[in-house]
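Contents: one structure, followed by commentary.
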2 protein chains.
Amino acid sequence: MTYSIAQAAERSGLSIDTLRYYERIGLVDPPARDSGGRRTYSDDDLGWLIFLTRLRTTGMPIRMMREYAQLRHRGAATAGRRKQMLFEHRASVRERIAELQSCLDVLDYKIAHYEQIEHTFVEGITA
Amino acid sequence: MTYSIAQAAERSGLSIDTLRYYERIGLVDPPARDSGGRRTYSDDDLGWLIFLTRLRTTGMPIRMMREYAQLRHRGAATAGRRKQMLFEHRASVRERIAELQSCLDVLDYKIAHYEQIEHTFVEGITA
DNA sequence: GTAGGAGCTGGAGTGCACTCCAGGTCAACC
DNA sequence: GGTTGACCTGGAGTGCACTCCAGCTCCTAC
């Protein structure tokens, strides 16, 4: 199965411009071209694109994604290094989640505070 | 208790430049000045700065923080609107956490995959 | 055979959130 | 009274990750 750039964009959630941009900066290998010179993405290409969106979503900078992509390009010999990268990245994502969770507590507290104010106000009215 | 800009920076985790920047764009009220024209931050100022860092950490754009700051400036009458903002923001933070969590699953899967490769490799050696 | 739409390239532009800088003031210490 | 260090202002510069554009080509459908 192959996909036009528009289809690859739709399925990966990246924009067409971003797909070309990622290719230009070496984040994705140049996909095959059809007889008219248009990009045709394979299922493998798409899998990689989708994986990249996960890394992006979790805040990995492009510079690091590129490093990962380059290791991947060098084959099985770099598997350990890649695993190490993902391992460290996973730790940072976990930290990030913990950080967000602790900010959630602050938001909960603030919202509760506003609710208390509302409640006091209503009591003031009805008392 | 009052704080110099350097102390406010240290305690809020923002840089000195960022403190002045936030003031310039209306995210924080201009703090008092000492006889020499230097900023002196109050405990209240500091509390607001720290709250802003929570909003920032959770990904609230400056434009929205400014909106919140403006409502806050208009006093108790806007409490409902502010609560609403925090309420919506909290929902988006929760979504963000869920998103990260689901990406974590992908990372776990990938890492497990690399571990399996390593394992296979070791077996290949020792067999 | 032509009109329309998708895709192509190289390069410029954008939005966000800072960050840095030059040139100056001010208070304190030696 | 001179030097040092913290702070001041207005404005320019930075890094990141796209996003947009002009001008072109190439297939498809009428």
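The chains referred to below are lettered A, B, ... by the order of the sequence lines, with proteins before strands, and numbering in each begins at 1.
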Checklist entry - Could you state the CD1-P distance from I25(B) to dG10(D), rounded to the nearest angstrom? => result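 Result: 15 Å.
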Checklist entry - Between dC16(C) atom P and L27(B) atom CG, what is the distance in whole Å? => result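 Nearest whole value for this atom pair: 13 Å.
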Compare side-chain N and O positions of [X] against OP1 and OP2 of [N] and report whether any pair is under 4.0 Å apart.
{"X": "S4(A)", "N": "dA6(C)", "value": "no"}
{"X": "Y22(B)", "N": "dC18(C)", "value": "yes"}
{"X": "T18(B)", "N": "dT19(C)", "value": "yes"}
{"X": "R20(B)", "N": "dC8(D)", "value": "yes"}
{"X": "S35(A)", "N": "dC27(D)", "value": "yes"}

Checklist entry - Given E99(A) and R96(A), is the salt bridge (Lys or Arg N to Asp or Glu O under 4.0 Å) satisfied, shown in steps? => result CA-CA 5 Å; E99(A) 188 180 47; R96(A) 177 81 181 123; 2.9 Å; yes
Checklist entry - For DNA chain D, which residues in residues 38-70 of chain B have a heavy atom at a distance below 4.0 Å? => result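 Only R38(B), R39(B) qualify.
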Next on the checklist: Please classify the nucleic acid contact of R33(A) as base, sugar-phosphate, or nothing, using heavy-atom distances under 4.0 Å.
Outcome noted: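 If one applies the 4.0 Å heavy-atom cut-off, R33(A) turns out to touch the sugar-phosphate alone, with no base involved.
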Looking at [atom1] of [X] and [atom2] of [Y], how far apart are the two atoms once the value is rounded to the nearest 0.5 Å?
{"X": "T18(A)", "Y": "L49(A)", "atom1": "OG1", "atom2": "CG", "result": "10.5 Å"}
{"X": "Q7(A)", "Y": "S12(A)", "atom1": "CD", "atom2": "OG", "result": "11.5 Å"}
{"X": "L52(A)", "Y": "R56(A)", "atom1": "CG", "atom2": "CZ", "result": "9.5 Å"}

Next on the checklist: Please determine whether side-chain hydrogen bond (donor to acceptor under 3.5 Å, both in side chains) holds for the pair R74(B) and T78(B), giving the CA-CA distance in whole Å, both sets of side-chain angles, and the decisive distance to 0.1 Å.
Outcome noted: CA-CA 7 Å; R74(B) 286 169 44 203; T78(B) 66; over 6 Å; no
Checklist entry - Checking side-chain hydrogen bond (donor to acceptor under 3.5 Å, both in side chains) for the pair S42(B)/D45(B): CA distance, chi angles, key distance, verdict? => result CA-CA 5 Å; S42(B) 69; D45(B) 290 337; 3.2 Å; yes
